[in-house]
Structure formats: C-alpha cells, structure tokens
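Naming: A, B, ... by sequence-line order, numbering from 1 per chain.
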Amino acid sequence: MKQLRYILIRIMQMIPVMFVVTVIIFWGIRLIPGNPAETILGEKAPASAIRDMEIRMGLDKPVWIQYLIYMKRLFHLDLGISIRLKDSVSHLIAQRMRVTILYTLLCTLFTLLIGTPLGYIAGTTRHRGVDKTISSVSLVILSLPEFWFGILLLLLFGLRLHWVPIGGWGETVADHIRCMILPAFTGAIGSVGILIRNIQSAVKKLLEKDYVNFARSKGASPGIIRNRYILKNVMVSTMTIVAMRITSLLGGSVVIEFVYSLPGMGKMLVDAIDGRDYVLVQGTVLVYALVVMVITLVTDIVYSYIDPRISMN
Amino acid sequence: MRIRKKILCGILMISAAAMSACGSTGASEAQSSSGAVAPTAGQEKAETGNTSQETTTTEENGAASAGDGSPVVVKIARGGDSVTLDPAFAGDNVDIWVDSLIFEGLVKTSEDGKSLEPCLAEKWDVSDDGKTYTFTLRDGAKFSDGSDVRASDVVYSLNRALKGGSWSSLITCIKDVKAVDDKTVEIDLNNPSGSLMSCLASFICAIYPEKYYSATESDKLASAPLGAGPFLLESWKQDQEMVLKKNPYYWDAGYPLADEIDMTVVPDDNTRLMQLQAGQVDAIEGVSAQMRTQAQNTEGVKVIDFPTTHVEYVSFNYTNEKLNDKRVRQALNYATDREAINKAVFGGLGTLCPSVVWPTAPHFNPNLTSYDYNPDKAKELLAEAGQSNLNLNLIISNGDASSLMEATILKDQWSKVGVNLDIQQMDSSARRDARNNLTFEVLLNYFTSDITDTAEEMELFCIKDNFDCWHLGWNGPDQEKAEKLVKEAGATTDEDVRKKNYYEAQELMADNALVIPLATIPETIAVRDNVSGFEQGILGNYYFNSLTVK
C-alpha cells in the first residue's frame with residue numbers, strides 16, 4: 001500500500017516536470033536561429049514561397065499562440081506531423097525506438113556479461129598482475145573513440161570475415177539482431193570500463209567488511225559469500241551505473257548510428273534540430289523526458305527490493 | 001531472493017535469445033554459401049553480405065545472362081537521404097537527382113550537357129518573335145500508372161511550378177500555358193528567353209499527372225511522386241532505403257535496363273566504401289578525395305569522376321564595413337593560394353576557375369582577371385586600404401570535414417599577410433540564417449546550377465532582388481550596371497547579345513573581387529567492375545537508362 005502510494009506520488013510529480021519540459025523545448029528550439037520553411041523549400045526559394053509555407057505551417061502566428069495550439073494538441077496526445085519527414089511524430093518515434101531499444105538491450109547485456117565477471121575477478125584476485133592488467137585495460141577501452149573502434153570492428157568482422165553485414169538494419173528480426181551485434185559491442189566497450197572499475201573497488205571494500213569476515217569464519221562456502229554477501233551489495237552501485245547508461249543509450253548514440261547506418265533515435269533528433277523540424281524535436285524530447293523519468297522511477301523501486309535499507313519514502 | 005531469481009531468469013532468457021540469434025546467423029551463412037536459398041528480396045540482401053564477392057558475381061551473372069526473367073537489381077549507397085520528391089519543392093541535390101529518375105519534362109538535356117533532346121515532346125516550334133513555343137507531345141508517352149501524358153497535364157504542371165513552386169523565379173518569362181488540343185501545348189512568353197528551353201529540360205518543369213497531383217495533399221506528394229520518367233518509387237523508408245522500380249510504361253521501349261534500383265542511406269564515408277569493397281552494394285556516391293585512393297586500390301572497384309557545375313568559393317559580405325573596400329577583397333584574393341587548397345582538400349581533382357561560373361558553361365568568360373597567389377601584393381593593397389591588422393570571422397557548417405580543412409588552410413595563408421581569421425562553426429540552419437541576413441563577414445559557400453544555361457547563376461549573383469545578389473550584399477554603380485546587363489541578356493534569344501552581356505557582367509564581378517572562386521570540383525562515385533551505365537550529367541542528374549549489373 002505504502003509502495004503504491006509512493007509510486008502514485010512519483011507519477012503525479014512527473015506532470016509539472018513534463019510541463020516545464022514542454023516550455024523549455026518549445027521556446028528553446030525557436031530561440032536558435034534558422035527557419036524551417038526555408039529548410040524545406042531549399043536555398044533558392046523566393047521569399048513569397050517561404051512566406052506561404054510559414055503561413056501553412058502556422059509559423060506566422062505569435063509564439064504564445066503557437067504554444068497554446070501545441071499544448072491543445074498535446075492534450076489529445078497528438079504530437080503532430082514532422083515538418084521535414086512529413087510523417088506523424090508518434091509513428092516516426094515508434095519506428096526509431098525499435099532500433100534504439102534493441103541497441104540498448106544488447107548493449108546493456110554485453111556490458112553486464114563482460115563487466116561483472118572481470119570486475120569481480122579484479123576485485124578478488126590476490127594476483128597483482130591480473131588486477132593491474134584488468135584495471136589498465138579497462139582504462140584504455142574507456143578512452144577508445146567509438147567511431148574508430150566501430151570502423152575497426154566493421155573492417156574485421158564485416159569486410160574480412162563476412163560474419164555480419166556492413167552497416168544497415170535489415171528486414172527480419174534475425175537480420176536486426178545480426179546487424180546490432182557490432183554496434184552493441186562497440187557501445188558496450190565504453191561502459192564496460194566504468195563498470196569494471198566500479199565493481200572492482202566495491203568488491204575490494206566489501207571484502208574488508210566485518211560481516212564478510214564473520215561469514216567466512218563461520219564457515220560459509222565461498223559461493224555463498226560471493227552471491228549473498230558480495231554480489232548482492234555490489235548490485236546497488238552497479239544498478240545506478242547501468243540505469244544511467246540505459247537512459248543515455250535510449251537517447252540514441254549518434255556516433256554509432258552514423259558509423260553503422262542505423263535508423264535510430266539519436267540521428268533522427270540531431271537531423272531534426274539541424275533542419276529546425278520544430279514538431280519532431282518537441283515530440284522526441286518530450287517522449288525522451290518521459291522515458292528518463294520512468295526509468296528513474298523503476299530504478300528507485302528496484303533499489304528498494306535489492307537493498308531493503310533504501311526505503312520508499 | 002525471489003527478485004534475484006527473476007533477474008537471473010531475465011538475463012538467461014536474453015542471452016538465450018542472443019545465442020539462438022547467433023545460431024541462426026550460422027545457419028543462414030551455411031545455406032547461402034551452398035546457394036540453396038530462394039532469391040527473395042530480403043534474403044538476397046543478407047546473402048550479399050555473407051558470401052564472398054566472387055559468389056555474388058557469378059550468381060548475378062548467371063541471372064543476367066540466362067535471361068530467365070530474374071530481375072536486374074542495382075544497389076547504390078549514398079550519404080544522405082532525400083527530403084522531398086515533389087519537383088516543385090525539391091531543394092537539395094539528393095532530392096533533385098532522384099527526381100530526375102522519376103520525372104521527365106518536355107525536353108531533356110543530352111548526357112554531355114551541351115544540347116537538348118526531345119523527351120515527352122516529340123517536336124517543337126518557336127514563333128519568329130521568340131515569344132510563342134508550340135510543343136507536340138510524343139505518342140505513347142505515359143505516366144508510370146499507365147495514363148497518357150496529355151496537354152492538360154503539361155498546363156497543370158507548369159502552372160504549379162510557376163505559381164508557388166520554389167523555383168518560379170527561373171521561369172518568370174512564362175506568361176501563359178495553353179492546351180491547344182490533347183497533344184499540343186502552347187507556351188506564351190512575356191519576352192523572348194534564351195534560357196527557357198534549358199529550364200524546361202530541368203526538374204523544375206517536370207511533367208506530372210494533373211488528376212493525381214490536384215487530388216493529393218501536397219504533404220503526401222513529397223513522399224509519393226508520380227511521373228513519366230524511367231523509374232517509379234516503389235517504397236521509401238526515410239533515412240534507410242528507397243526502392244525504385246522500372247516504369248513499365250516508359251516511352252523509350254527497351255529502357256531502362258535495370259528492373260530495380262535500391263538506394264540505401266549510409267552516412268559514414270568509411271562504411272559506404274567498405275560496403276562497396278565487400279560487394280554488399282554495387283555503387284557508392286560521394287567519394288571524397290580522401291576515400292578516392294583507397295577505392296582505386298581495391299580490386300574489382302572503379303572510380304568515376306563526373307564534371308559538374310559545382311564551384312566552391314569564399315563569400316564576402318559587401319555590406320560589412322571592413323570588406324566594403326574593393327582593395328581588401330582583392331588583397332584577400334591575392335593572399336589565397338588556391339592550388340594548395342585544391343591539392344589538400346580536393347586531392348588535386350578540382351580545376352581552378354576565375355569566377356563562380358563553371359568553366360564549361362555556355363557563356364563562361366575565360367579572359368577574366370585572375371588573382372594569382374601573391375602575398376606581397378596582398379600586403380600592399382591592405383596597407384593602401386589602411387587595414388594592415390584585419391580581424392575577420394569565417395563561418396563554416398559544423399561537422400563538415402572538408403570545410404574545416406579549407407578554413408584552416410585559409411587561416412594559415414591569410415595570417416601571412418597579417419589577417420587574423422576566426423573560424424566559427426555553425427549548424428547548417430544557423431549558418432544559412434547568417435548568410436541570408438548578411439550578418440556574416442566571410443563564409444565558405446558553393447554553387448551548383450540547376451539548368452545548363454548560364455542565366456540562373458548570372459541572375460542570382462547580379463540581380464539585387466534575387467537574395468541580395470546571392471547573399472553577397474553587392475550594391476552600387478557596378479552592381480546596377482551588371483544587373484542591367486544580365487536583365488537585358490535574359491530578355492533576348494540573340495546569342496551575340498547574351499554572350500557580350502554575360503561576359504561583361506562576369507568582368508564586373510571579377511573586378512570587384514566579390515568572392516574568392518576556389519575551384520570547380522567533380523562528382524566522384526565508385527562502382528564495382530560489373531556495373532555499367534552509371535552516368536551523371538553536368539547538373540548531377542542521373543542518366544540510369546542503361547544502368548545495369550552484369
């Protein structure tokens with residue numbers, strides 16, 4: 001009951017935040033120079049044609065009236081029609097989100113599968129060489145530029161070995177997953193470094209805790225110590241990193257989408273800003289803000305299950 | 001505890017899914033190398049990615065030579081996607097070039113760009129006063145939906161372009177378009193025009209069916225074009241892939257040779273080149289000077305350079321007090337080593353040119369003052385103008401590697417004559433705003449013509465009402481003189497007068513050093529050896545009627 005109330009309050013709190021987001025993005029995008037009508041009509045369009053287009057798009061009205069129209073549509077859950085792509089914003093977002101969600105899932109999976117064991121080994125090992133190697137390698141991969149690493153992977157697995165297609169998104173679900181392996185791996189490399197270092201230091205600290213020593217002296221098996229005492233505690237800080245990483249991944253990675261020619265959210269948003277596609281920018285940022293808030297909420301709820309010391313208040 | 005089990009279950013499930021995906025990858029690989037996969041469109045694509053290039057070639061060879069009706073598909077990767085395919089509003093080259101496959105006009109430009117050929121109109125007559133053009137439409141000219149091209153469609157299309165189209169300023173000489181009968185169209189002009197025919201050959205005057213266009217919302221027309229060109233738009237997934245199919249009703253029997261053209265969007269230069277090297281695509285566009293050597297050194301790949309009207313230049317804002325002095329602009333011209341820029345940025349492929357008019361244009365003036373690199377003279381002129389310590393701001397588009405390279409070289413070269421250049425990167429919309437409102441000092445720009453005649457370029461650069469002389473802000477007696485010359489040339493078909501006037505106007509522009517013309521650069525593409533018939537005209541338009549993969 002208490003939990004339900006907590007969740008409800010959190011959801012209610014989202015409403016004013018969303019309102020502020022609409023204000024900032026609506027006025028913000030209009031503050032930067034540029035004219036969407038001109039972007040659509042091209043460089044050599046005469047002023048009269050641009051004027052006509054502005055009227056058709058409703059850009060001739062005062063900005064606050066435009067804002068009211070926008071809010072009115074929003075209450076009917078209508079995000080509008082993209083200026084440049086001439087398609088409904090909700091449809092465009094749904095299309096691109098599939099790419100970005102698959103990318104986020106695979107990327108997070110790779111990060112956890114590679115990062116957790118390496119971090120744990122680095123934290124528990126008594127062998128200084130292993131410890132040093134893992135931590136220095138994680139520092140190196142942390143600083144690899146994504147586009148460069150992406151091109152290297154494509155050269156090896158795409159051009160030389162023909163294991164995966166070079167860029168693209170494909171037609172079927174199997175295609176999509178095959179196309180996504182390299183991008184997800186490239187994206188994971190960036191966060192694996194952070195995760196390894198985090199888990200390593202957390203494990204090291206935990207090993208010195210009294211309750212771990214106590215459990216060991218009581219004769220608990222190494223497996224139980226690992227699973228129940230160490231990993232469970234490491235999960236809390238790992239969760240924070242993973243949740244933060246997920247929210248940033250869901251925004252789309254422009255560099256990775258560019259290198260692997262994936263039709264994801266990141267490139268769509270950047271192109272929309274570049275072409276001053278006000279409607280698409282407003283819609284995308286709003287949806288993204290909502291996603292971030294929901295993920296934060298879910299993370300907070302999961303925290304309290306993993307670590308009962310964190311209560312829902 | 002229960003929660004942990006659930007999480008573990010989740011992770012297991014995801015990894016199981018990933019494993020099974022890997023499994024199926026292996027399976028499809030095995031199948032494709034044994035050649036047992038039925039050639040459906042989707043699978044074929046996957047195959048090309050997997051199999052070695054040799055296998056792909058032989059497979060496609062077999063299909064083409066056997067003539068068993070399996071379609072000829074050409075896959076082209078390009079750097080950016082089109083935005084609108086409505087010819088009345090098409091703005092960028094990525095739009096215009098695709099439009100040149102879907103649409104045709106009354107006449108068309110020959111592949112070498114030097115003459116006009118009959119197209120949807122079989123023949124035409126011009127009245128003695130040059131003010132009435134009568135076109136007879138070709139029998140059997142059909143749109144890709146099978147309906148006939150009628151005179152009323154021509155009237156509708158030209159009127160739509162003239163009233164409210166983005167390009168109406170180019171065809172303001174048209175007074176009236178009339179359908180005499182079903183097959184005859186009469187175009188009446190306000191004044192004779194030397195550039196009308198090249199406009200009619202351009203995408204600006206593309207012909208489309210009145211019935212469909214007048215009944216469809218203009219927003220939809222951007223992504224659902226219908227014309228009488230060699231290809232029709234089958235499907236289009238924005239930023240991913242555009243599929244063009246052969247127009248079965250195309251008037252030129254036997255053409256086009258290809259049944260399908262798949263245009264994919266691959267923004268990254270390296271990825272695009274790798275796709276070609278792997279045989280995943282048959283042709284790539286936008287081969288930069290840096291990629292060119294790499295492409296040339298790949299076995300099975302050939303590089304083609306097409307001449308264009310593309311001239312890269314540095315714009316000065318005439319209305320800026322620092323740049324208002326002719327001597328300053330001339331000095332900056334002298335301070336620029338254009339050959340060095342051509343070598344570094346365009347790989348030496350560019351041709352230096354004395355003005356913004358491309359060198360193969362019909363009225364290109366070859367005898368212009370050229371400001372050859374001369375830093376001493378530049379210093380002298382700057383001292384004379386009292387601007388020995390000049391600070392200038394240069395605007396370029398962000399994310400454009402070659403612009404940044406150009407700008408950096410300019411900064412270095414100009415610093416040698418005491419000019420300090422601050423490079424400012426802006427996104428393309430903000431840059432365009434600064435340019436259009438004349439709030440810049442110096443910026444990098446380029447011009448491509450949309451018609452084969454010189455008129456468009458001369459009118460844009462010399463007539464003040466046209467975008468402040470194409471965003472230069474040029475004014476004063478010389479500009480007025482140039483405007484008068486260009487307007488006079490625009491209202492006659494007398495080639496002697498046109499040539500004389502355009503030559504003089506180019507001299508005025510050069511003497512005033514309005515810009516620094518850097519070089520005219522070719523359009524470079526790369527294709528696999530088994531591709532033939534990939535042709536681009538001087539305006540960039542695709543000539544894909546003979547395009548095929550063997």
(request) May I ask you to name which of A:Met53, A:Arg276, A:Lys86 has the most heavy-atom pairs under 4.5 Å with chain B? (result)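 Among A:Met53, A:Arg276, A:Lys86, the one with the most close pairs to chain B is A:Arg276.
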
(message) Let's test your reading of the structure: which of A:Ile273, A:Asp87, A:Thr172, A:Val259 forms the most heavy-atom pairs below 4.5 Å with chain B?
(response)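 So the answer, after comparing A:Ile273, A:Asp87, A:Thr172, A:Val259, is A:Val259.
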
Give, as side chain, backbone, both or neither, the part of [X] having an atom under 4.5 angstrom from any heavy atom of chain B.
X	result
A:Asp271	side chain
A:Ile81	neither
A:Leu85	both
A:Asp52	neither
A:Arg160	neither
A:Arg96	side chain

(request) Report the distance from atom CG of B:Asn270 to atom CZ of A:Phe258, rounding to the nearest 0.5 Å. (result)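 Between B:Asn270 CG and A:Phe258 CZ, I get 9.5 Å after rounding to 0.5 Å.
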
(message) Distance check, rounded to the nearest 0.5 Å: B:Met274 atom CE versus A:Ile166 atom CD1?
(response)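 CD1 of A:Ile166 is found 6.5 Å from CE of B:Met274.
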
(message) I'd like to know which of B:Arg432, B:Lys163, B:Glu456 tops the heavy-atom pair count under 4.5 Å against chain A.
(response)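 That would be B:Arg432.
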
Below 4.5 Å from any heavy atom of chain A, which atoms of [X] appear? Answer side chain, backbone, both or neither.
X	answer
B:Phe467	side chain
B:Gln275	both
B:Arg272	neither
B:Ser223	neither
B:Lys237	side chain
B:Val266	both
B:Leu170	neither
B:Asp427	both
B:Ala430	both
B:Asp86	neither

Please tell me if the side chains of [X] and [Y] come closer than 4.5 Å, counting only heavy atoms from C-beta onward.
X	Y	result
A:Arg84	B:Gln238	no
B:Glu241	A:Glu171	yes
B:Pro267	A:Lys267	yes
B:Asp268	A:Ile151	yes

Any idea which heavy atoms bring [X] and [Y] closest together, and the distance?
X	Y	answer
A:Asp274	B:Ser428	OD2-OG, 2.9 Å
A:Pro263	B:Gln240	CG-CD, 3.3 Å
B:Asp433	A:Gly34	OD2-N, 3.1 Å

(message) For the backbone of A:Leu159 and the side chain of B:Gln277, can you confirm whether one donor and one acceptor N or O come within less than 3.5 Å of each other?
(response)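 Flag not set: sc B:Gln277 to bb A:Leu159 has no pair under 3.5 Å.
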
